[in-house]
Colleague: 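Once you've had a glance at the structure underneath, I'll fire off some questions.
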Amino acid sequence: MGTLGGAGLAAAVAASRARTLGMEGERRASQARSSGLPAGGADGESPGGSAPFPGSSGSSALLQAEVLDLDEDEDDLEVFSKDASLMDMNSFSPMMPTSPLSMINQIKFEDEPDLKDLFITVDEPESHVTTIETFITYRIITKTSRGEFDSSEFEVRRRYQDFLWLKGKLEEAHPTLIIPPLPEKFIVKGMVERFNDDFIETRRKALHKFLNRIADHPTLTFNEDFKIFLTAQAWELSSHKKQGPGLLSRMGQTVRAVASSMRGVKNRPEEFMEMNNFIELFSQKINLIDKISQRIYKEEREYFDEMKEYGPIHILWSASEEDLVDTLKDVAGCIDRCCKATEKRMSGLSEALLPVVHEYVLYSEMLMGVMKRRDQIQAELDSKVEALTYKKTDTDLLPEEIGKLEDKVECANNALKADWERWKQNMQNDIKLAFTDMAEENIHYYEQ
């Protein structure tokens with residue numbers, strides 16, 4: 001907006017403000033006449049005199065100064081709007097927005113409520129044994145009020161491979177968005193313990209979090225493949241999977257991706273260089289925290305297993321020491337209480353801290369993949385620009401291809417930058433909450 005446009009809008013806002021002041025003056029005068037007071041209020045001064053309204057000291061002089069200053073810098077218009085809105089809240093009814101900014105904010109507040117409309121639960125793991133393989137399926141219950149769903153509630157069963165398919169489709173559709181990580185396919189100890197109860201429950205919780213993180217994501221939650229995953233029956237999902245690109249097409253995409261990664265990016269933007277450095281440092285630190293947390297839990301487990309044996313030993317000992325019966329039983333009772341408190345603390349460690357830390361270990365790997373995909377898109381653009389510069393190929397079609405690739409790079413960069421800030425905020429909140437809960441658990445433990 002130029003100086004003339006800024007002054008014109010400022011004049012309009014000032015006129016609106018003056019009309020509001022006039023309406024308020026008439027209202028106060030009417031109230032004063034009905035109560036037998038002077039028109040200016042209890043102190044006998046008028047609203048337009050030397051004493052301004054309560055709660056807006058010097059508002060008339062401030063208003064004039066701000067209107068004059070608008071000609072110097074168009075950015076002052078925003079400051080004026082905010083100040084006017086603030087004065088209005090102090091001196092007038094909050095239900096009467098008197099500045100354009102406050103009116104816009106009120107419309108946004110009323111029209112965009114932050115209400116959750118998609119609820120997903122993963123539960124009831126079930127083992128399936130066939131002649132070829134053994135696998136686990138999980139029940140997924142979805143409740144929603146969204147109009148694009150045919151019903152308000154759905155119930156389906158999915159296996160781990162289905163979750164892998166969904167993750168792949170999300171990465172394909174949104175290459176530079178930060179897709180939530182899935183739990184690893186196998187545990188370190190090997191396939192033998194793959195179906196024990198603890199492992200299945202740990203995986204169920206991780207899959208539950210995976211789907212709910214997608215549901216809470218402002219973009220991924222409206223992905224069509226995500227909707228099909230939540231609502232389609234097993235045979236419908238299987239049919240939908242077959243509609244994807246063929247083997248040759250996927251091989252071509254893989255070859256192009258490998259070629260782009262081999263070439264590398266010559267001029268990565270500074271903001272993405274900083275992002276990449278942050279990811280590398282974050283990966284190192286979160287992996288170290290994960291290892292330390294796992295070691296602490298292991299030592300706590302060993303301490304707990306050893307301490308459990310001392311209680312019964314002291315009870316047996318008391319049977320052969322008549323003079324120390326009460327003392328030994330008291331020691332046994334104390335050990336038993338310590339065991340229960342230690343077990344509770346271990347439970348908090350394994351449920352509150354360890355899963356969060358390990359999830360962000362997986363997130364660090366996902367982030368590296370996102371950066372690679374962003375670099376591949378830019379590398380493809382760089383190769384086309386280089387080909388055009390040196391006329392290595394037919395130059396008739398290259399400008400059009402370069403234009404499309406420039407748009408693709410811009411969309412990829414903007415998506416990553418927006419998702420990056422959202423992810424960092426969530427990461428800080430999650431890790432802070434996990435360590436705070438663990439600290440409270442330790443305080444409670446030592447109090448006991």
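Small disclaimer: the values here were computed from a predicted structure and weren't measured.
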Colleague: Which atom pair, heavy atoms only, marks the closest approach of T176 to A415?
Modeller: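 In this case the closest contact between T176 and A415 is OG1-CB, 3.7 Å.
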
Colleague: May I ask you to decide if I120's main-chain N or O and T142's side chain share a donor-acceptor pair within less than 3.5 Å?
Modeller: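 Pair absent, no side-chain N/O of T142 close to backbone of I120.
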
Colleague: Nearest 0.5 angstrom please: Y445 OH to M346 CE, how far?
Modeller: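 Y445 OH to M346 CE: 10.5 Å, rounded to 0.5 Å.
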
Colleague: If you take all heavy atoms of L211 and F226, which pair is closest and at what distance?
Modeller: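 Answer, listing the atom of L211 first, then F226: O-CZ, 3.9 Å.
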
Colleague: Do E421 and K417 meet the salt-bridge criterion of a basic N to acidic O distance under 4.0 Å?
Modeller: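 Looking at K417 and E421, the cut-off is not met.
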
Colleague: What is the minimum heavy-atom distance between M366 and I179, and which atoms define it?
Modeller: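 Smallest heavy-atom distance, with atoms named: CE-O, 3.2 Å.
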
Colleague: With a 4.5 Å limit on heavy-atom distance, are the side chains of V409 and E380 in contact?
Modeller: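 They are not in contact (no side-chain heavy atoms under 4.5 Å apart), so the answer is no.
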
Colleague: Quick one, R139 and E155 - any side-chain contact, counting heavy atoms below 4.5 Å?
Modeller: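 Side chain of R139 against side chain of E155, heavy atoms only: contact under 4.5 Å found.
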
Colleague: Is there a side-chain contact between K167 and E171 in this structure, where contact means two heavy atoms from C-beta onward sitting under 4.5 Å apart?
Modeller: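 A side-chain contact under 4.5 Å exists here.
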
Colleague: Given side chain to side chain contact (heavy atoms under 4.5 Å, CB included), test R268 with N276 step by step and report yes or no.
Modeller: CA-CA 10 Å; R268 179 188 285 166; N276 194 67; 3.5 Å; yes

Colleague: Pair E441, M438 - check side chain to side chain contact (heavy atoms under 4.5 Å, CB included), show working.
Modeller: CA-CA 5 Å; E441 215 38 75; M438 201 62 241; 4.0 Å; yes

Colleague: Taking all non-hydrogen atoms of both residues into account, name the closest pair between V122 and I140 and its distance.
Modeller: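 For V122 and I140, the tightest heavy-atom pair comes out as CG2-CG1, 4.3 Å.
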
Colleague: If you count every heavy atom of other residues, nucleotides or ligands that lies below 6.0 Å from K143 atom NZ, does the total exceed 12?
Modeller: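 Atom NZ in K143 is not packed in, count stays at 12 or less.
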
Colleague: List the residues meeting side-chain contact (heavy atoms from CB on, under 4.5 Å) with C339, not counting sequence neighbours, and say none if there are none.
Modeller: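 Here the qualifying residues are F304, M307, K308, I335.
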
Colleague: Quick check: does any side chain N or O of H174 sit under 3.5 Å from a backbone N or O of L177, one acting as donor and the other as acceptor?
Modeller: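 A pair under 3.5 Å: no.
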
Colleague: Under a plain distance cut-off of 3.5 Å, with no hydrogens placed, do D225 and H240 share a side-chain donor-acceptor pair?
Modeller: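 On atom types as modelled, these side chains qualify, holding a pair under 3.5 Å.
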
Colleague: Using only atom types and a distance under 3.5 Å, with no angle test, would you say the side chain of T221 pairs donor to acceptor with the backbone of A215?
Modeller: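 Yes, because the side chain of T221 sits within donor-acceptor range (under 3.5 Å) of the backbone of A215.
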
Colleague: Salt bridge between K209 and D430, side-chain N to carboxylate O under 4.0 Å?
Modeller: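 Salt bridge between K209 and D430, a charged N being under 4.0 Å from a carboxylate O: no.
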
Colleague: Is it true that a side-chain atom of Y160 and a backbone atom of P183 form a donor plus acceptor pair closer than 3.5 Å?
Modeller: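 Yes, because the side chain of Y160 sits within donor-acceptor range (under 3.5 Å) of the backbone of P183.
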
Colleague: Are the aromatic rings of W423 and F282 close, with centres under 6.0 Å apart?
Modeller: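 Yes.
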
Colleague: Let me see the working for K298 and E302 under side chain to side chain contact (heavy atoms under 4.5 Å, CB included), right down to the final yes or no.
Modeller: CA-CA 6 Å; K298 180 182 177 182; E302 293 172 352; 3.5 Å; yes

Colleague: Does CG belonging to N429 count more than 12 external heavy atoms closer than 6.0 Å?
Modeller: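 Atom CG in N429 is crowded, with more than 12 foreign heavy atoms closer than 6.0 Å.
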
Colleague: May I ask you to say whether E343 pairs ionically with K340, meaning some side-chain N is under 4.0 Å from a carboxylate O?
Modeller: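 Judged by the 4.0 Å cut-off on N to carboxylate O distance, E343 and K340 do not form a salt bridge.
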
Colleague: I need the single residue from E300, E447, E351, E440 that forms a salt bridge (Lys or Arg N to Asp or Glu O under 4.0 Å) with R345. Which is it?
Modeller: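 The option that passes is E300.
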
Colleague: Is it true that, when you exclude Q428 itself, more than 12 heavy atoms of the residues, nucleotides or ligands shown sit nearer than 6.0 Å to its CD?
Modeller: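 Counting other residues, nucleotides and ligands, CD of Q428 exceeds 12 neighbours.
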
Colleague: So Q376 and P175, do their side chains get closer than 4.5 Å, heavy atoms only?
Modeller: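 Side-chain contact under 4.5 Å: no.
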
Colleague: A side-chain contact here means heavy atoms from C-beta on lying under 4.5 Å apart; do R374 and F272 qualify?
Modeller: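 Touching, per the 4.5 Å side-chain cut-off.
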
Colleague: Give the C-alpha distance, both sets of side-chain angles, the deciding distance and a yes or no for side chain to side chain contact (heavy atoms under 4.5 Å, CB included) between Q284 and L288.
Modeller: CA-CA 6 Å; Q284 294 173 8; L288 181 60; over 6 Å; no

Colleague: Sequence neighbours excluded, which residues qualify as side-chain contact (heavy atoms from CB on, under 4.5 Å) partners of E148?
Modeller: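 Testing E148 for side-chain contact (heavy atoms from CB on, under 4.5 Å), a comparison that skips the adjacent residues, returns R146, F222, K227.
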
Colleague: What heavy-atom pair brings P180 and R213 nearest, and what distance separates the two atoms?
Modeller: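 Result for this residue pair: CG-CB, 3.6 Å.
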
Colleague: Can you check whether K205 reaches P355 side chain to side chain, under 4.5 Å on heavy atoms?
Modeller: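 The answer is no, as the side chains (C-beta and beyond) never meet within the 4.5 Å cut-off.
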
Colleague: Do the non-hydrogen side-chain atoms of V357 and I286 ever get within less than 4.5 Å of each other?
Modeller: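 Yes, side chains in contact.
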
Colleague: If you draw the axis of the six-membered ring of F229, does the NZ or CZ of K169 fall within 45° of it and under 6.0 Å from the ring centre?
Modeller: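 No - K169 does not lie over the ring of F229 by the 6.0 Å and 45° rule.
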
Colleague: If you measure from the Lys or Arg side-chain nitrogens to the Asp or Glu carboxylate oxygens, is any gap between D419 and R422 under 4.0 Å?
Modeller: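 A salt bridge links D419 with R422.
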
Colleague: Of all the heavy-atom pairs spanning P125 and R204, show the shortest one and how long it is.
Modeller: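 For P125 and R204, the tightest heavy-atom pair comes out as CD-CD, 4.2 Å.
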
Colleague: Taking the cut-offs as 6.0 angstrom to the six-membered ring centre and 45 degrees off its axis, would you call R158 and F163 a cation-pi pair?
Modeller: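 The answer is no; the distance or angle limit is not met.
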
Colleague: Using the side-chain contact (heavy atoms from CB on, under 4.5 Å) criterion, which residues pair with T130? Sequence neighbours excluded.
Modeller: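 Only I132, E133, F135 meet the side-chain contact (heavy atoms from CB on, under 4.5 Å) criterion with T130.
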
Colleague: Hey, does V370 have a side-chain heavy atom less than 4.5 Å from the side chain of I279?
Modeller: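 No, their side chains stay 4.5 Å or more apart.
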
